[in-house]
Amino acid sequence: VTGAHGIKGEVKLKTFTDELESAEAVLCTLGRSIEAKDPYTEGHCERLAEYGVALGRALGLAEEDLRALRRGGYLHDLGKVNVPEAILLKTGPLTPEERAVMQKHPVVGEEICRPLHSLQAVLPIIRSHPERQEGSGYPDGLRGEAIPLTARILQVVDVYDALTTDRPYRRALPPGAALETLEAEARRGWWDSRVVGAFREVEARTNPVGRGGRMMTPRVLVVDDEPVNLEVAIAMLEQEGCQVLTAETAEAGLRLAAA
């Protein structure tokens with residue numbers, strides 16, 4: 001039989017748990033509000049949460065780590081709430097002073113989330129996702145295995161999402177080209193090559209794979225005798241990372257398809 005003190009204790013525990021969940025929800029909403037400041041990063045948090053969990057699962061991580069990766073997708077850049085919009089949304093190179101301000105964001109984000117016991121497993125992701133394997137990252141200049149695995153996972157999916165998303169200064173890369181860029185940067189010593197390799201396998205489940213495991217750019221044939229229609233189709237398909245072939249007649253289209 002549960003006594004009065006036991007019931008009160010359970011009610012307090014339930015209230016405390018609800019408050020934690022509400023606090024997490026507020027922080028995740030804040031993380032998304034930072035993303036919303038830049039129209040080019042719409043959906044970034046959701047994609048990182050999805051990519052991170054899929055990659056973590058492929059690497060055999062425990063459920064606790066998968067939960068941390070999901071939350072980390074939303075909270076990794078939370079510290080950017082302290083970065084002025086003039087720096088956050090700047091399209092040109094940052095000055096050394098601006099870069100110093102930007103590079104404080106992982107520590108600020110960690111401090112915001114530190115009071116919540118339920119987010120302790122997310123703190124290494126928040127703090128260490130800007131690190132690099134060869135030690136040139138920030139805020140601590142960690143190297144190799146000293147960078148927590150969950151942070152190494154999030155940094156790979158973060159870079160991939162940035163490469164495959166339009167930016168003011170460049171068009172989005174097709175998945176294959178983005179993966180090749182990640183692999184080149186891993187060879188340069190920036191990312192964990194094992195994590196990058198596992199991510200290629202994760203992506204291969206949803207994208208066509210070419211010979212030798214290389215991602216192939218989809219080829220699409222558009223047949224239309226109206227130049228305006230062709231231009232619209234080309235613009236839309238190239239935005240999706242497709243290679244577009246065009247023909248004005250069915251006969252010409254068949255010849256291209258057979259080539």
Side-chain angles (χ1 to χ4, degrees), residues 13 15-37 41 44-84 87-88 99-162 190-192 194-196 198-199:
L13 178 61
T15 302
F16 180 65
T17 302
D18 289 346
E19 287 174 354
L20 277 182
E21 291 174 353
S22 297
E24 282 186 35
V26 168
L27 290 177
C28 286
T29 301
L30 183 57
R32 293 183 68 179
S33 72
I34 295 168
E35 166 197 288
K37 292 180 180 180
T41 59
H44 177 68
C45 290
E46 288 86 351
R47 290 192 296 273
L48 258 61
E50 181 179 345
Y51 281 141
V53 170
L55 181 51
R57 186 169 285 121
L59 289 166
L61 269 61
E63 284 299 319
E64 180 184 3
D65 292 324
L66 298 181
R67 282 194 298 272
L69 283 165
R70 183 174 299 281
R71 292 168 176 170
Y74 290 91
L75 299 174
H76 67 292
D77 278 342
L78 186 62
K80 288 182 179 178
V81 70
N82 205 42
V83 178
I87 296 176
L88 197 61
R99 191 175 299 109
V101 172
M102 179 69 84
Q103 291 183 351
K104 291 177 182 176
H105 86 267
V107 176
V108 172
E110 181 189 39
E111 291 305 311
I112 292 172
C113 295
R114 187 182 297 283
L116 289 180
H117 178 72
S118 61
L119 294 180
Q120 295 308 295
V122 188
L123 299 184
I125 298 175
I126 296 172
R127 184 179 185 98
S128 299
H129 75 276
E131 301 285 359
R132 288 183 177 177
Q133 287 286 292
E134 30 75 300
S136 67
Y138 63 91
D140 302 306
L142 300 180
R143 291 174 174 268
E145 297 292 319
I147 304 170
L149 178 55
T150 48
R152 281 179 270 153
I153 288 171
L154 193 95
Q155 65 187 191
V156 165
V157 299
D158 192 12
V159 172
Y160 177 81
D161 190 69
W190 290 4
W191 323 125
D192 185 329
R194 181 174 71 95
V195 174
V196 172
F199 184 63

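All values reported here derive from a predicted model rather than from experimental measurement.
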- Could you tell me the separation between the CH2 atom of Trp191 and the CD1 atom of Ile147, rounded to the nearest 0.5 Å? 9.0 Å
- Query: Quick check: does any side chain N or O of Gln155 sit under 3.5 Å from a backbone N or O of Glu131, one acting as donor and the other as acceptor?
  - Reply: yes
- Interatomic distance, OH@Tyr160 vs OH@Tyr51, rounded to 0.5 Å, equals 4.5 Å
- Task: Decide yes or no for Arg71 and Ile125: does some side-chain heavy atom of the first lie under 4.5 Å from some side-chain heavy atom of the second?
- Result: no
- Query: Is any side-chain N of the basic residue among Arg114 and Glu111 closer than 4.0 Å to the acidic one's carboxylate O?
  - Reply: yes
- Should the pair Arg152-Glu145 be classified as a salt bridge under the 4.0 Å nitrogen-to-oxygen rule? yes
- Query: If you take all heavy atoms of Leu142 and Ser128, which pair is closest and at what distance?
  - Reply: CD1-OG, 3.9 Å
- Query: Is any side-chain heavy atom of Glu46 closer than 4.5 Å to a side-chain heavy atom of Glu50?
  - Reply: no
- Between the side chain of Asp192 and the main-chain N/O of Arg194, is any donor-acceptor distance below 3.5 Å? yes
- Taking side chain as C-beta onward, heavy atoms only, is His129 less than 4.5 Å from Asp158? yes
- Message: Tell me if a side-chain donor or acceptor on Arg143 pairs with a main-chain N or O of Glu134 at a distance below 3.5 Å.
- Response: yes
- Query: At what distance, to the nearest 0.5 angstrom, does CZ of Arg57 lie from CD1 of Ile153?
  - Reply: 11.5 Å
- Message: Classify the ring geometry of His76 against His44: parallel below 30°, tilted from 30° to 60°, perpendicular beyond 60°.
- Response: tilted
- Task: Mark yes when over 12 heavy atoms from residues, nucleotides or ligands other than Gln103 sit less than 6.0 Å from its CD; otherwise mark no.
- Result: yes
- Task: Would you sort out whether Val81 and Ile112 count as a side-chain contact (heavy atoms from CB on, under 4.5 Å), showing the intermediate values?
- Result: CA-CA 10 Å; Val81 70; Ile112 292 172; 4.0 Å; yes
- Message: I'd like to check Leu61 versus Leu69 (side-chain heavy atoms, cut-off strictly below 4.5 Å). Are they in contact?
- Response: yes
- Are any non-hydrogen side-chain atoms of Met102 and Leu88 less than 4.5 angstrom apart? yes
- With the side chain counted from C-beta on, respond yes when Leu119 and Ile126 share a heavy-atom pair under 4.5 Å apart, and no when they do not. no
- Item | The single option from Val195, Leu154, Leu66 passing side chain to side chain contact (heavy atoms under 4.5 Å, CB included) against Leu55 | Val195
- Looking only at heavy atoms, which two atoms of Cys113 and Gln120 are closest? And how far apart? O-NE2, 4.4 Å
- Could you tell me the separation between the NZ atom of Lys80 and the CD1 atom of Ile87, rounded to the nearest 0.5 Å? 11.5 Å
